[in-house]
> 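Have a look at this one before I ask anything.
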Amino acid sequence: STQSRSSAASDVYKRQKEGYVGEDISAMRTRNYVVTEWSGPDAAGNVTITASDVLDLARDKKSQCPKPGQGRLGSDIADSGLPSFDLVPATVGDEYPASGTAVIGSEIVDFTRSGDTITLTARAQGGSTISGHSADDTFQLCYVADSDNIAAVAADLLINFADVDASFIDVPTWTDEALRWLSGYSMNAIITKPTGVTTLLSELSQFGVMWWWDDVNQEVRMRANRPLD
């Protein structure tokens, strides 16, 4: 039997139960997929469902990190000082955190926010160069990894940017794997433009780690390239 439910990301999870006649439903094996397409019913009443694994949510066309910024400068900014300015359109500031790192043009800045008002607290960060900016320039939030382990970054990408249900990720087990086999790697990066989550996971995999969907145990697994236990 199959059932479907919607996720917060407007995708639909297809839940398939497998068992034997007379077996209690609670004892049956459950497999979860993401519905990517469906058609029908046809003249005979048949509906065709195309589904993929949960990691389909991380495809570059579906999820990006950082998420594209909608805020723009409401006024010009000089190439000196730590000014305050408003973002436009009105209430767009609600999409930004109370503090963080952003990029305006090619300059990386640190900021605090109150409503739509942004106050710069540091400029020319991450090796960028201070410069003037014009009204209507995009204020793009950056993604910052600051001495984080691979497990923490990967889980953050999947849960907060690909909208993978957190119940599908065993963060403590991932962390144990990273501390045991990948402790020599410390992730430090400022990502200034929206980049596909799958692309970012592929970059992380170059450190010797992989992720895959276990549809029987209903979880995304992480494993370093290492000897078997």
Side-chain angles (χ1 to χ4, degrees), residues 1-20 23-38 47 49-68 94-95 97 100 141 143-146 148-183 185 187 189 191 194-205 207-226 228-229:
S1 66
T2 62
Q3 294 179 326
S4 297
R5 66 182 177 88
S6 296
S7 74
S10 299
D11 286 279
V12 176
Y13 286 127
K14 173 178 177 290
R15 186 176 67 179
Q16 176 176 307
K17 284 188 170 291
E18 301 174 348
Y20 297 94
E23 184 178 8
D24 188 85
I25 291 180
S26 63
M28 293 182 181
R29 173 180 292 175
T30 302
R31 297 177 185 269
N32 281 280
Y33 305 93
V34 174
V35 175
T36 57
E37 183 180 356
W38 65 83
V47 175
I49 297 175
T50 303
S52 184
D53 62 56
V54 169
L55 286 176
D56 183 79
L57 296 173
R59 289 175 57 190
D60 289 350
K61 291 183 178 180
K62 289 189 173 185
S63 56
Q64 294 180 316
C65 172
K67 295 180 179 180
D94 295 343
E95 300 178 7
L141 189 68
Y143 180 83
V144 179
D146 185 10
D148 296 322
N149 67 53
I150 290 177
V153 173
D156 190 18
L157 291 174
L158 290 172
I159 295 171
N160 294 314
F161 295 92
D163 291 316
V164 172
D165 195 313
S167 66
F168 292 143
I169 297 177
D170 186 348
V171 175
T173 297
W174 284 25
T175 301
D176 289 344
E177 182 79 1
L179 292 177
R180 182 182 179 190
W181 299 101
L182 303 164
S183 60
Y185 297 108
M187 303 294 102
I191 302 174
T195 305
V197 169
T198 292
T199 294
L200 296 175
L201 290 175
S202 296
E203 292 182 6
L204 291 178
S205 71
F207 294 102
V209 61
M210 65 186 75
W211 292 270
W212 74 97
W213 172 243
D214 182 342
D215 64 337
V216 174
N217 292 300
Q218 303 177 69
E219 64 177 298
V220 180
R221 293 188 177 273
M222 184 190 98
R223 178 66 60 86
N225 296 336
R226 44 85 161 181
L228 294 174
D229 288 322

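Hydrogens, waters and symmetry mates are skipped; everything else that's a heavy atom, side chains included, is used.
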> Can you give me the closest heavy-atom contact between Ser63 and Phe161, atom names plus distance?
CB-O, 3.2 Å
> Which atom names give the shortest non-hydrogen contact between Lys67 and Pro194, and what distance separates them?
C-CG, 4.3 Å
> Tell me if a side-chain donor or acceptor on Asn149 pairs with a main-chain N or O of Ala152 at a distance below 3.5 Å.
yes
> Spell out, as yes or no, whether a donor-acceptor pair under 3.5 Å connects the side chain of Asp148 to the backbone of Asp146.
yes
> Quick one: does any side-chain atom of Glu177 pair with a main-chain N or O of Ala224 as donor and acceptor, under 3.5 Å?
yes
> Given side chains that start at C-beta, do those of Tyr143 and Val153 come closer than 4.5 Å, heavy atoms only?
yes
> Is there a side-chain contact (heavy atoms from CB on, under 4.5 Å) between Leu158 and Leu55? Walk through the geometry before answering.
CA-CA 8 Å; Leu158 290 172; Leu55 286 176; 4.0 Å; yes
> side-chain contact (heavy atoms from CB on, under 4.5 Å), that's the test. Do Leu204 and Met187 meet it? Break it down for me.
CA-CA 9 Å; Leu204 291 178; Met187 303 294 102; 3.6 Å; yes
> Kindly indicate whether the side chain of Asn160, heavy atoms from C-beta on, has any atom under 4.5 Å from the side chain of Cys65.
no
> First locate atom CG of Asp53, then atom CZ of Phe168, and finally report the distance between them rounded to the nearest 0.5 Å.
11.0 Å
> Once rounded to the nearest 0.5 Å, what's the spacing between atom CD1 of Ile49 and atom CD of Glu37?
11.0 Å
> Heavy-atom distance under 4.5 Å between the side chains of Leu201 and Leu157, does that happen here?
yes
> Donor-acceptor pair, distance only, cut-off 3.5 Å: does the side chain of Thr198 make one with the backbone of Ala58?
yes
> Please give me the minimum heavy-atom distance between Leu182 and Gly208, naming the atom from each residue.
CD2-O, 3.9 Å
> For the CZ atom of Arg221 and the CG atom of Asp214, what is their distance to the nearest 0.5 Å?
4.5 Å
> Is any side-chain heavy atom of Val220 closer than 4.5 Å to one of Trp174?
yes
> Minimum heavy-atom separation for Tyr20 and Met28, please, with both atom names.
O-CE, 4.1 Å
> Under the 3.5 angstrom rule, does the side chain of Asp60 hit a backbone N or O of Thr199 as a donor-acceptor pair?
yes
> Please tell me if the side chains of Leu57 and Asp163 come closer than 4.5 Å, counting only heavy atoms from C-beta onward.
no
> Quick one: does Trp213's side chain have a donor or acceptor within less than 3.5 Å of a partner on Asp56's backbone?
no
> Hey, what do you get for CD (Gln16) to OG1 (Thr30), rounding to the nearest 0.5 Å?
9.5 Å
> Are Met210 and Asn225 packed together at the side-chain level, in the sense that at least one heavy-atom pair is separated by less than 4.5 angstrom?
yes
